[in-house]
Structure formats: C-alpha cells, structure tokens
Amino acid sequence: MSGLSHRNVRAVVEGGAALGIAVAPAEFPEGTRTADEAAAAIGVEVGQIVKSMVFLVDGEPVVALVSGGNRVDEAKLAEAAGGSAATRPDAKVVRAATGFPIGGIPPFGYPAPLRTFVDEDLLLHDVVWAACGMPHVNFSSNPNDLVRVTGALVCDLAAPA
C-alpha cells in the first residue's frame with residue numbers, strides 16, 4: 001500500500017484544505033526521517049526542510065517549525081512562548097499532542113490547535129518541504145503560507161552554531 005493513501009497523510013491533506021492550503025503529498029521511499037535525508041531525497045538545500053518539533057513550554061505542548069540546518073535554542077523558544085523553560089517531551093506526549101509519530105509530524109492537522117513558532121530562517125526560501133504525516137511522505141509549501149495557516153509567531157529560534 002502506498003504511503004500516499006495512509007490515514008496520516010489524508011489527515012494532513014484534509015487539515016490543509018480546512019485551513020485553505022493545498023497539500024500535494026510526495027512519497028520518498030529512501031526516507032526523510034532527518035533533515036539531511038529529506039534534503040538529499042527531495043533534492044533541495046537542508047535549510048528548505050521544515051523540522052516540525054514539539055516542545056513543552058512550562059508544560060504546554062507547542063510546535064516549533066525549524067529550518068533543517070538549525071538546532072532549536074530552547075531558551076529562545078521559551079521566551080517567545082512567554083514561558084520560563086522549554087523541554088523535549090517523549091514520543092508518547094508528541095503523538096498525543098499531534099496525532100503523528102516523530103519523523104512524520106506535519107506543521108498542522110493536529111487533533112486540537114497548538115501554538116506554533118516559526119524559525120525566521122525558513123522565510124529565506126520561496127519553497128520549503130515539510131513532513132506529511134509519515135517519515136517518507138512530504139509536501140512543499142511557501143513558508144509564508146505555513147505562517148499564515150498556523151497563526152505562527154515568526155522568531156529567532158536558532159541555537160548558536
């Protein structure tokens with residue numbers, strides 16, 4: 001069975017449609033679990049890969065959409081979210097908050113809306129690629145559209161190199 005017909009992929013396509021953004025899933029059998037793998041499989045720069053990462057800020061799950069080449073500075077994320085600390089939850093908490101497995105988390109389509117923060121470096125690109133519910137299915141988007149449909153705050157999230 002193709003990953004393109006998987007319920008997770010359908011959920012992202014339907015979630016995008018509800019937000020007014022078209023999602024055209026593309027399957028990459030070689031896998032796109034990491035930003036480097038995704039960039040190689042898709043044929044783009046690593047900075048064009050959207051890492052959708054869940055953090056807990058003072059216990060609240062939030063999503064950080066981060067440029068593939070960047071690591072998240074947890075203190076910057078906590079400050080942007082108006083909290084005191086950001087931490088990485090375990091896989092069970094991530095799936096409960098988003099409905100998706102780590103490696104396949106899309107920027108939207110969750111059971112309930114989550115506050116979202118976008119790494120300003122994603123806006124350096126005209127087209128970015130995000131996970132579409134599964135580790136080997138992705139979709140392309142304009143980063144400004146992702147900001148718009150998620151209601152995200154654009155901010156500096158990158159940890160120093």
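Worth saying up front: this structure is predicted, and the values here are computed from it rather than measured.
The two residues C132 and P25 come nearest to each other via the heavy atoms SG-CB, 4.0 Å. For the pair A78 and S84, the tightest heavy-atom approach, listed with the atom from each and the gap, is CB-C, 4.0 Å. Residues V57 and L77 come closest through the heavy atom pair CG2-CG, 4.4 Å. Closest non-hydrogen pair, D73 versus P160, comes out as OD2-CD, 3.8 Å. Contact detail for L114 and T116: the closest heavy-atom pair is O-OG1, 3.0 Å. In terms of heavy atoms, G133 sits closest to P101 at O-CD, 3.8 Å.
V93 and I102 fall into different hydrophobic clusters, where Ile, Leu, Val, Met, Phe, Trp and Tyr side chains are chained together by heavy-atom contacts under 4.5 Å. At a threshold of 4.5 Å between side-chain heavy atoms, the hydrophobic network of Ile, Leu, Val, Met, Phe, Trp and Tyr places V44 and V128 in two separate groups. Under the 4.5 Å side-chain contact rule for hydrophobic residues, V127 and V154 do not share a cluster. By the rule that hydrophobic residues join a cluster once side-chain heavy atoms approach within less than 4.5 Å of another member, V66 and V94 end up as members of separate clusters. Side-chain heavy atoms closer than 4.5 Å link hydrophobic residues (I, L, V, M, F, W, Y) into clusters, and following such links, possibly through other members, connects I105 to I21.
Side-chain contact between R95 and F100 is absent, with no heavy atoms from C-beta onward closer than 4.5 Å. Counting heavy atoms from C-beta outward, V118 and L146 have side chains that stay 4.5 Å or more apart. Side chains of F108 and V23 form a contact here, defined as non-hydrogen atoms less than 4.5 Å apart. Side chains of V147 and L123 form a contact here, defined as non-hydrogen atoms less than 4.5 Å apart. For the pair S140 and I42, the minimum side-chain heavy-atom distance is 4.5 Å or more. Here the side chains of N138 and I49 are not in contact, with every heavy-atom distance at 4.5 Å or above. Looking only at side-chain heavy atoms (C-beta outward), M134 and E27 stay at 4.5 Å or farther from each other. Residues H6 and V137 form no side-chain contact, since every pair of their non-hydrogen atoms from C-beta on lies 4.5 Å or further apart.
In this structure, K51 contributes its side chain and V72 its backbone to no donor-acceptor pair below 3.5 Å. In this structure a side-chain-to-backbone donor-acceptor pair under 3.5 Å is present from K76 to A158. Under a 3.5 Å cut-off, the side chain of D119 and the backbone N or O of S67 do form a donor-acceptor pair. Here the side chain of Q48 pairs no donor or acceptor atom with the backbone of A39 at under 3.5 angstrom.
Atoms CD and CG, on E79 and L157 in that order, are 11.0 Å from each other to the nearest 0.5 Å. To the nearest 0.5 Å, atoms CD (E14) and CG (L19) are separated by 12.0 Å. Atom CE of M53 sits about 10.5 Å away from atom CG of L65, to the nearest 0.5 Å. Atom CZ of residue F117 and atom OG1 of residue T150 lie 10.0 Å apart, to the nearest 0.5 angstrom.
Counting heavy-atom neighbours within 6.0 Å of D126 CG, excluding the residue itself, gives a total of 12 or less. The number of heavy-atom neighbours closer than 6.0 Å to CZ of R71, taken from other residues, nucleotides and ligands shown, is 12 or below. More than 12 non-hydrogen atoms from other residues, nucleotides or ligands lie less than 6.0 angstrom from CD of E74.
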